[in-house]
Participant: 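The structure's right below; bear with me while I get my questions together.
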Amino acid sequence: MPRSFVSIDELTNDEIEAVFQLADRFLDEMATSGKPFRIQGRCELAQEHILATIFHEPSTRTRLSFETAMLRMGGNIISCADARSSSSSKGETIADAVRVLENYADVIVIRHPFEGAARVASEYTDVPVINAGDGSHEHPTQTLCDLYTLRVARGDQQGKRGAEVLKDLNVVLRGDLQHGRTVHSLAYALARFGARILPDPAPGCGFPDHVRRRLARDYNCYPLNKKEIDELSDAAFPADVLYLTPEEPHQLALMPDVVDVWLRLSKKQQKAVRGIKSVDAFYATRLQLERLEPGEDVADYPAIDSEFLKQRRYRNSRVLHPLPRVDELSYDIDRDKRSIYFEQAAYGVPVRMALVAALLELEPSVLQNASPASSYAQYSHANGVRCSNKRCVTRQESEQRYLVSKYWIVDERDLTLRCAYCDYEQEVLVVSRASTHKYTTDVAHWRDIDSKDLVLFADEHDAVEAGYQAKKRQTRSARSAK
Ligand code: NCD
């Protein structure tokens, strides 16, 4: 199978660095003079290849920079920029669309409102699929552009290059951390590279539960936002916000709440937190209005202007934004040398050239043979528990015709499942056998059941609705009669 790029976790840190080195090379060879971030001209690297962009949500930068990237490499593009002009408006499923498209293009770039849509696409085609944003879930190629921009800015400051410069950066993630897909992928990547993440959400727009859980489980990171810090008022907390990758994961993994997080930090860790005196980068995001529930509103959205940047501790802070902006970045900082969001957008071209070249294997040795494997066991069954996220691709009428729910078992003791498409987690309370249609609430039994026979339900109500019956407890006399 060719490699796809659906989640930021599908590239290892070394592979990300290899992609960045290829982007460096494109810039060295093709950048406009005086504008080291802008590619000009064409090479012939991809002249035999076609890239398809299929976008079911609005886009300017992502789609056009992918298309420019392919054209700059001498390749060709086919594009569907509007879902209304594609057969999805006639009810065509994602699986069918990509099985058709793979006959026309060598690589497919997809943006879709359903969370997990790009994962589905990658499972039904034999050409690489690139996730250009799936609902509020992830936007991994934006993250590559963000990391690359930080790497260049920070490297220039330190006279260094390479992803190592991301380690120990203090990065503030601002705005809509709940619905913004760019900040989700970016948080995972920063955690992996060892940066310190300082979440500064708009009121009510903190990281959603599934993101916090994934950060904690997969990277041992525990974000605390302003509200939680305020609740710790007598804990003399030195920073507004804190996000840690602990040095002693097992110790921290047991922590039940935020007070404990602070109290159980080692002296060294507490010192590290106190040491957060400067901010290396602000990553501002717009309110994702299109993803709010009807009637939902957000007041006091945090903005950055020249007055804000006058604070001493932001003297060397860089300002990034995936764009488009609305009111969260004032136009009066555009000429400030700390503002690097337009360079960030420009880097979309060399970074996406490098990614496409790597996935199409136009450049050898950028990627390993296979994507990094998950450490969790998988559970899947056509019946039983459904994903709890109503925006998940598995919950959509069109896709339900063929899609079977699939989960990672992220906690084997409490039987917690993570949807393999959208990452939402849920605990299951009922374990049953498809062969007997009997269930039990003693979830520890799941290990005794053959994986093909195992059916999990969220609760007893769902099991009964599906025609399952509670397993009778064996009475003492029945047991002794044996
Ligand atoms: C972002 C997106 O689409 O998620 N834009 C982008 O791809 N550069 C951010 C946004 O729309 O706010």
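Order of listing sets the numbers, starting from 1, for every ligand and every atom in it. For reference, positions follow the sequence shown, starting with 1. Basis for what follows: all heavy atoms, side chains included, without hydrogens, waters or symmetry-related copies. Because the structure is a prediction, the values reported are computed rather than measured.
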Participant: Do Arg111 and Phe55 meet the cation-pi criteria used here (NZ or CZ under 6.0 Å from the six-membered ring centre, within 45° of the axis)?
Facilitator: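 No, Arg111 and Phe55 do not form such a contact.
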Participant: Give the atom numbers and elements of ligand 1 that come within less than 4.0 Å of a heavy atom of Arg181.
Facilitator: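 Counting atoms of ligand 1 from 1, those under 4.0 Å from Arg181 are 2 (C), 3 (O), 4 (O).
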Participant: Does Tyr331 have Arg325 sitting over its ring (NZ/CZ under 6.0 Å from centre, angle to axis within 45°)?
Facilitator: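 Yes, Arg325 lies over the aromatic ring of Tyr331.
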Participant: Looking at Asn131 and Glu138, what are the two nearest heavy atoms and their distance?
Facilitator: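 For Asn131 versus Glu138, the nearest heavy atoms are ND2-O, 3.8 Å.
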Participant: Heavy-atom contact under 4.0 Å between Glu57 and ligand 1?
Facilitator: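 No heavy atom of Glu57 comes that close to ligand 1.
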Participant: Check ligand 1 against His139 and write out every atom of the ligand that is under 4.0 Å from a heavy-atom position of the residue.
Facilitator: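 Those of ligand 1 that fall under 4.0 Å from His139 are 2 (C), 4 (O), 6 (C), 7 (O).
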Participant: Could an N or O of ligand 1 be found under 3.5 Å from any N or O of Thr182, whether backbone or side chain?
Facilitator: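 Among all N and O atoms of Thr182, none is under 3.5 Å from an N or O of ligand 1.
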Participant: Among all protein heavy atoms, pick out the one at the shortest distance from atom 11 (O) of ligand 1; state its residue, atom name and that distance to 0.1 Å.
Facilitator: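 The answer is Arg286 NH2, 2.9 Å.
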Participant: Can you confirm if the aromatic rings of Tyr124 and Tyr402 lie within a centre distance of less than 6.0 Å?
Facilitator: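 Yes.
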Participant: Hey, does Pro324 come in under 3.5 Å of ligand 1, counting only N/O atoms on both sides?
Facilitator: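 Among all N and O atoms of Pro324, none is under 3.5 Å from an N or O of ligand 1.
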Participant: Under a heavy-atom criterion of less than 4.0 Å, does Thr62 contact ligand 1?
Facilitator: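 The answer is yes, since Thr62 has a heavy atom less than 4.0 Å from ligand 1.
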Participant: Just which atoms of ligand 1 are under 4.0 Å from any heavy atom in Pro322?
Facilitator: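 Counting from 1, the qualifying ligand atoms are 8 (N).
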Participant: Has Arg214 got its NZ or CZ under 6.0 Å from the middle of the six-membered ring of Tyr376, at an angle within 45 degrees of the ring axis?
Facilitator: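 Negative - Arg214 is either too far from the ring of Tyr376 or too far off its axis.
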Participant: How about Tyr314 and Phe282: are their ring centroids closer than 6.0 Å?
Facilitator: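 Ring centroids of Tyr314 and Phe282 are less than 6.0 Å from each other.
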Participant: Which atoms of ligand 1 sit under 4.0 Å from any heavy atom of Leu323?
Facilitator: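 With Leu323 as reference, the close atoms of ligand 1 come out as 1 (C), 5 (N), 6 (C), 8 (N), 9 (C).
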Participant: Start with the C-alpha distance between Tyr421 and Lys406, add both sets of side-chain angles, then the distance that settles side chain to side chain contact (heavy atoms under 4.5 Å, CB included), and finish with yes or no.
Facilitator: CA-CA 7 Å; Tyr421 293 100; Lys406 198 160 66 181; 3.8 Å; yes
